[in-house]
Amino acid sequence: MPEAPVFYCNKIICIIRNPIDVIISFLHLFSIGNHVQKATFEYHERHPKWWDWWVHLCTKRMANWYRTLMRDAKMKSLPVLFTRFEDLTQNPKEELENIMTFLCNRKDIKGTNAERRVMEVLAKGKDATVLYQLKDNTR
């Protein structure tokens with residue numbers, strides 16, 4: 001990617017999400033400036049031509065990104081683990097164990113620090129997914 005710093009790795013974890021959710025979430029970020037607020041109207045109803053353009057733009061960009069990811073992984077012979085965001089939120093224990101198994105090159109993580117970390121994250125419940133706190137004056 002242009003202007004991106006060089007980044008080296010030996011494995012790739014790719015968390016994929018339902019494209020419709022991504023397109024809407026990105027639209028809210030783009031048009032409102034955050035992921036918390038939402039438009040007071042439905043874009044596809046009020047601006048159908050614009051919505052069609054937006055969906056096509058986003059899907060082309062996503063397809064290009066995945067093509068680049070897979071090309072780079074193949075070129076560098078890197079293993080790739082795909083995890084669905086929806087599975088990660090609905091079955092966090094299973095998915096986190098799968099990720100740790102992949103990272104640690106093990107058939108299972110029983111009795112390891114990786115298993116301990118998964119259990120610590122699960123014990124936090126919903127607090128484990130909080131990336132940042134909104135300011136009190138955020139509307």
Would [X] end up clustered with [Y] when hydrophobic side chains under 4.5 Å apart are linked, directly or stepwise?
X   : Y    : value
I13 : I109 : yes
W65 : V22  : no
I20 : L88  : no
M75 : F82  : no
V80 : L96  : no

State whether E42 and R46 are salt-bridged, where the test is any N-O pair (Lys NZ or Arg NE/NH1/NH2 against Asp/Glu carboxylate O) under 4.0 Å.
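Between R46 and E42 there is no salt bridge, as every charged N stays at least 4.0 Å from the carboxylate O atoms.
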With a 4.0 Å cut-off on N to O distance, would you call K93 and E97 a salt bridge?
yes
Looking at side-chain heavy atoms only, is the closest gap between [X] and [Y] below 4.5 Å?
X    : Y    : answer
L27  : I32  : no
I16  : Y66  : yes
T89  : R17  : no
I23  : M62  : yes
L103 : L81  : no
P19  : T59  : no
L122 : P92  : yes
C104 : T112 : no

Would you give the length of the straight line joining atom [atom1] of [X] to atom [atom2] of [Y], rounded to the nearest 0.5 angstrom?
X   : Y   : atom1 : atom2 : value
E94 : Q90 : CD    : CD    : 11.0 Å
S25 : N18 : OG    : CG    : 11.5 Å
L57 : D52 : CG    : CG    : 11.5 Å
S31 : K38 : OG    : NZ    : 12.0 Å
I15 : D87 : CD1   : CG    : 11.0 Å

Looking only at heavy atoms, what is the nearest atom pair of [X] and [Y], with distance?
X    : Y    : result
R117 : M100 : CB-CE, 4.2 Å
D21  : E86  : OD2-OE2, 3.8 Å
P79  : F102 : O-CZ, 3.7 Å

Classify the ring geometry of W51 against Y43: parallel below 30°, tilted from 30° to 60°, perpendicular beyond 60°.
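Correct class here is parallel.
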Which label fits W50 and W53: parallel for a plane angle under 30°, tilted from 30 to 60°, or perpendicular past 60°?
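Correct class here is tilted.
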In this structure, are over 12 heavy atoms from other groups packed under 6.0 Å from R116 atom CZ?
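Yes, enclosed.
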Above 12 or not: heavy atoms from other molecules or residues under 6.0 Å from CZ of F30?
no
Can K124 and E120 be said to form a salt bridge (charged side-chain N to carboxylate O under 4.0 Å, His left out), step by step?
CA-CA 7 Å; K124 289 182 176 184; E120 286 175 3; over 6 Å; no
For N91, does its backbone N or O pair with a side-chain atom of E95 as donor and acceptor, under 3.5 Å?
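Flag not set: sc E95 to bb N91 has no pair under 3.5 Å.
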